[in-house]
Structures are given as C-alpha cells and as structure tokens.
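Counting starts at 1 for both ligands and their atoms, in listed order.
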Amino acid sequence: MNPNFLQTPIPYLKGVGPNRAETLRTELGIETYKDLLHLFPNRYLDRTQYYKIAQLQSSGADVQVIGKIVHIKTVEQKRGKRLVARFMDDTGEMELVWFRGHKWIRENLKLNETYVVFGRTNRYGSTFSMPHPEMELLTEHQRGLKIAMQPIYPSTEKLSAKGITNRVVSKMVQQLLLDSKGMFQESLSPTLLDDLRLISKSDALLNIHFPKSQDLLAKAQFRLKFEELFFVQLRLISKKIIRKHKIKGLPFDQVGDNFNSFFSNHLPFELTNAQKKVIKEIRNDLGSKAQMNRLLQGDVGSGKTIVALMTALLAIDNGYQACLMAPTEILANQHYNGLKELLGKMDIRIALLTGSTKKSERTLLHNQLENGNLKILVGTHAVLEDKVQFKNLGLAIIDEQHRFGVAQRSKLWHKNEIPPHVLVMTATPIPRTLAMSLYGDLDVSVIDELPPGRKPVKTVHRFDGNRLKVFQFIKDEIKKGRQVYIVYPLIKESEALDYKDLMDGYESIARDFPLPEYQISIVHGKMKPADKDYEMDRFVRGETHIMVATTVIEVGVNVPNASVMIIESAERFGLSQLHQLRGRVGRGAEQSYCILMTGNKLSEDAKTRLHTMTRTNDGFEIAEVDLKLRGPGDLMGTQQSGLLNLKIADIVKDNQVLQTARFHAIQLLKNDPGLEKPENLPIRTAYSVMSKGNDLWEYIS
Ligand code: ADP
Ligand code: MG
C-alpha cells in the first residue's frame, strides 16, 4: 500500500463530493482517509443472535426474534391510529406496532407465517413492543445474504439532515476498505503480537468496521484499544526517562540552616509518618540532579501545606526562590497566611501576588523578586505574567493541579533556563488509573494518613421533609458552642435561579434562627469582595453561628470550630465537590457532621453519589466512584491536556488493558531503549508518524 494512502483527502473517495466532505469535516472532524478509518462504530446490530420473547429484558435493545403474527388490529387513539400485531413464539407474546403505512402492511403481512423481525424493543409493564420492525419471512431470511454485525457509526442531526445516514457512512468505509485492498501497515512488533495473541492491524481494522463474528469483534477491539493505550504509555514513559536522564535539574544538594532550624525549632506539631515519607521522597528527588516532577496527593486536611513549606525551605537553603501558585484568590490568600504563620519568627521574606494586589505593591514585589530578597512568592495566575521575573526560581509548587492547564504548568518552566523543580499538590485524589494515563510522566507521592486526633466526619442523608429535625440538631450544636455551614448550589447555567434559592433559603433560616439569639453570615458571588471578607471574617472570629453560602467556601476557609456542614440540594453537587465541602468541617477536636439535604426525586447517579458520601470518607475511593460516574474528561478537565483524546479505549472500563499496555511499554523501553532492533521498527515508525516526526528516541538512547 502506498504509505501516503491514508493521508488522502476525503473528497477523493468515491461517493464523497465536496458537499459531503464539508459536512464530514465540520460534523465529525474527518478530513482524510485515515480519519474515516478511525471513525469507529459506537455499537453494532447483532444479526447473528436470535432472541426468544421470554428472554427479552430491557427497553431500547435492538433484537431479532422469530415468530408468527396471530392477530392484527387497528387501535384508535387521540393522536391518530396505530396498527398493532400480536406476535408469538413458543415462549411468549409481544406486540409489533406501526404508526404509518397501515394499508400496505395490512395487505402484505401474512398471518401465521414465520417471520424474522428486527428492531428496538420498548417495555410497557410486562409486555414488549417493537415499533416499525424490519420484517422478513424466515424462508427469505435463510436464503438471503447476511451482514453478521451491522456497524452503527456516530452521527449528528446535521449529518442525517444532509443525507449522510448510517448506511451512507457504512458505504464510504466499505469503499475505503476496498480501495486499500484491506492492507494496513502493522504498527506493533511481532513479539507483541505473539505474546498478546493480537490480530494484525489489517484484520483489526476490517473487523472493527464489519465484524465477521462477535469473537473477531472482541479481538479487533482489544487489539485497537491496546495499541492506543500502548502508544500513550510509550510517550509518557519515554518523557519520564528523558526528564530523569536528560533534563538537568537544579542541584539541591544541601540541607541547610532554614530547613534544619525549622525542623528543630519551629515545627508546630510532630509530622505524621505519611508526611515524613513524602518529605523524604522529595529530598531524594531534589538531590538527584534530575528535575523533580512530583504529584503530591493528600486528602483535605492531610497536611500538605507544611510539606510544601519544607520543600520551599530546601530551595531557599540552596540559594533559590520558590513560588506557590493556587487556582483562586481565596486559596492563594489562605496559603499565604498559612505559610506565614508556620514561618513564624523565621527571617524569610514571603509575599502574595493576586489580581487585587495594588500597583505600588506590585512594583516593590517585582523588584524584590528580581534582586532575590523575596524568597517565597504565593499567588494566583498573576504569577505567570511576563512582568514577574525571578532572580532564580528553583521550585514551583502548584496547588490543585486540575484547574490549571498543562500549558500553564510549563509556562512556569520558562521563567528559567534550567527548569525549576515542580511539586503539584492536589486534594482531589486522582484515581490510580487516571494518574497513570494522565500523569504517567510524573512521580506520585501520597499522604494517606490524617494528623492524629481527627474524628472522621459523620455523614447522613436527609430528605427535605425532615428539615425541622435537622434545624433542631443545628440548634443543639450551636448551644454547645459550635458553628454551622449551610451551603447552596451555584451552577453557572442557572445562576439567577440559584441566587433565588439561596435568598429564599436565607430568609427561612433567618426566620427559624431569629436574632438576637442567632447571628447569621451570608456570602455569595454577587457581593462585593470587601463585604464578603467582612462576613467571612465575622464567622471566622466566631461572631456568627451560621454561615449561609454558595460554594465559594468550597476551597479556602478554615474554621476549626465549625462542626456542621449542611449541603442543600445535595443531589445537584458532584462527588468531588461534596467531598471538598465536607472537608470544611472535622478540622477541630469535636465530632463533626455533614448533612446532605435532598428532595425526594433522585436519579440513580445521585443516589450513588449520596450513598458513597455516607459510606466513606476516603477521598480515593470517592474519586474512583466519581470517575466511573462521570468519565475522565469531565472529572479532570482533561480535554485540554489532549492526552486523553482516545478514540476507542476508555481508561475506566479498559483499565485492565491499560495496565497491560503500560507493562509492555515499560518492558519495551527496558529491552530496546532506542527502539533500534529491527523487529521494533514498526513501533518506531508508527510512533514517529503519531508525534509528527518528532523522534524522541534520539534523546533516550
Ligand atoms: P491540606 O492538606 O488540606 O492543605 P493543611 O496543610 O491545611 O491540609 O493542614 C490541615 C490542618 O492540619 C492544619 O491546621 C495543620 O496545621 C494541621 N496539621 C498538619 N499536619 C499536622 C500534623 N502532623 N499534626 C497535627 N496537625 C497537623
Ligand atoms: Mg491546603
């Protein structure tokens, strides 16, 4: 096959004119033969299976049934007539239904003859019906030519409107397979094909579109999923190898005065074993002459701040500056205050830079950064501005990674000739599966232990009908001297409605918790920052008992005396948000509670979320469930990373394949780091094409 065959622009394909080509491009992003070849079917209609009526289970399944029509009648209904046929086999009875074409059907259908019917079932109570089935006499069916499995391609309204139906797309793919003579270049090595019993690339591509059997379809899917994940892993692992061997890191070989003095004199508490372990891992990285690129995962309240600080002290001890970047102003503020408090009397200059930093302060700050007097800069995106120049940035700490794009992460790099060490901190635990495919080039540390003395938050789910009991509970807690959060959802699309909910809620709370006995703070996005701060402050200082808020408090506030978190309309929150919110309580010595309030109508997903929250406090477990419910794109904002642009594999469902792919990618790079062995040539070639000629291997070997 001509190697450029797959790059052929799609209009060259027989049956595709300029109009269709344009629609394919805008609707499905298909520009070349290759794009069309990689438009994999979403599902297949299996014409190899025949169902018995008694076997039918769910609505919406496409099934094929053999039986006889025993009776036909016309049913009058408000919106027109409908033709209903009783259809039987030896196990039961179902209905075939037509809304149009009654005359023709009545004249042509034969009673008591054996038919093969094919269509999508609907279930009404215990009976199934099939609207507008495809019908064929069994005798004809047996004579006819059959496509075993019919591919169903992704489609859009516009595609169908322009006449590019599933049948048309199938035809195009068929044409393409014909033109290619069914020969595609192998991209895996013979060893891999053998070891994993993979079918060839050509067989896989033929059978993913037009499977000859269920078995071959499964083999084709496995082969293509494996290949896709294998190349992703190959890229991540080789990047990591390059970083470890080729990218020089700043040598932090000293553990100096600042670190030691902090450790001996200023440590406010004994470090947990998990914290000690992580600090050791970081010290190893920093002393290794390679650039550190580490992901630090630790649940809310697990004590990441002090780890960040001690890492910064190591940088300072080696003559470098450190920068901590947070996704929101509130978080940056909190980090700044937290770090300053930890530093106490130590003589280390630290500053905060956010969007609201005044111009005069900025100028001062820029100067001190450039002359090196300022050792630690905490801030928001503002620290990425070109005007912000460090004398010698040695460490970049990024909090809440998933809110920053990868591009932004690397922007910090470019502030130096040798890239700074990077520590990424996240309180949203990333499931191992995802970490591997997204951050396979990072090293991962986990703080999997909370500081001693913490009582796990007790979480319950209550329906709105029980509100009075919940309010009584709040009153009891306030009587004991505790404070309470009541949080309302704020979802961008319905901001006005949400705002109304919040205000209605506030009014009803104000009625049930009247002045002067109860003081209430309220904080929401429409308030001026100064008013927000004022209200927040009153709560922090313990002057108010209840904080009514939208999710602005999700990150940031730390009020150890607050022991109750009420989440209103909890069914509308995502799992990670619920978990984050719950993390606002349980910070003091008292038993804390999280109460999830909902209406009576709950979707299955909502039930799973609520149940997960009441069942466990383990952020990793919650993240796994979240990943399963929402899928990876949503969870991490991964679209922007481009990495998970997977066409066929699903990193949640195909986790096993992912593990296998990773294992083999590591093996391959171990045995043939430069991919120089002739048998690995297919892999090397495919990889080069994928990375558009950027041959990574020259760095590796
Ligand atoms: P997060 O991981 O959420 O950033 P923080 O670093 O803010 O957690 O720590 C949460 C709270 O726990 C802080 O009040 C901090 O002072 C405290 N803390 C952290 N580590 C320990 C420890 N080893 N022993 C006792 N308290 C700790
Ligand atoms: Mg924190």
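Considering both main-chain and side-chain atoms, Gly301 comes within under 3.5 Å of ligand 1 through a nitrogen or oxygen pair. Checked by distance only, ligand 1 and Arg587 stay at 3.5 Å or farther apart across all their nitrogen or oxygen atoms. In terms of polar-atom proximity, Phe269 is not counted as a contact of ligand 1, lacking any N or O under 3.5 Å from an N or O of the ligand.
For ligand 1, the atoms closer than 4.0 angstrom to any heavy atom of Thr272 are 23 (N). Of all the atoms in ligand 1, the ones that sit under 4.0 Å from a non-hydrogen atom of Glu270 are 22 (C), 23 (N), 24 (N). Atoms of ligand 1 found under 4.0 Å from any heavy atom of Asp299, numbered from 1 in the order shown, are 2 (O). Against a heavy-atom cut-off of under 4.0 Å, Arg454 is close to the following atoms of ligand 1: 10 (C), 11 (C), 12 (O), 17 (C). Under a 4.0 Å criterion applied to the non-hydrogen atoms of Leu271, ligand 1 contributes the atoms 23 (N).
With a 4.0 Å cut-off on non-hydrogen atoms, Ile447 does not touch ligand 1 at all. In Gln275, the part holding a heavy atom less than 4.0 Å from any atom of ligand 1 is the side chain.
For the pair Arg454 and Glu449, the salt-bridge criterion is not met [side-chain N within less than 4.0 Å of a carboxylate O].
Residue Tyr534 qualifies as open at atom OH: its count of foreign heavy atoms under 6.0 Å is 12 or below. When the shell of 6.0 Å around CG of Asp257 is examined, it contains 12 or fewer heavy atoms from other residues, nucleotides or ligands.
Counting only residues at least two apart or in different chains, salt bridge (charged side-chain N to carboxylate O under 4.0 Å, His left out) contacts with residues 331-341 are absent.
By the side-chain hydrogen bond (donor to acceptor under 3.5 Å, both in side chains) test, Glu543 pairs with Arg541, sequence neighbours left out.
Interatomic distance, Phe463 CZ to Met597 CE, rounded to the nearest 0.5 Å: 10.0 Å. With rounding to the nearest 0.5 Å, the separation of OG in Ser261 from CG in Leu267 is 11.0 Å. Once rounded to the nearest 0.5 Å, the distance linking CD of Gln334 with CG of Leu352 reads 12.0 Å.
With atom 5 (P) of ligand 1 as the reference point, the heavy atom nearest to it among Thr426, Val307, Thr305, Leu267 is part of Thr305.
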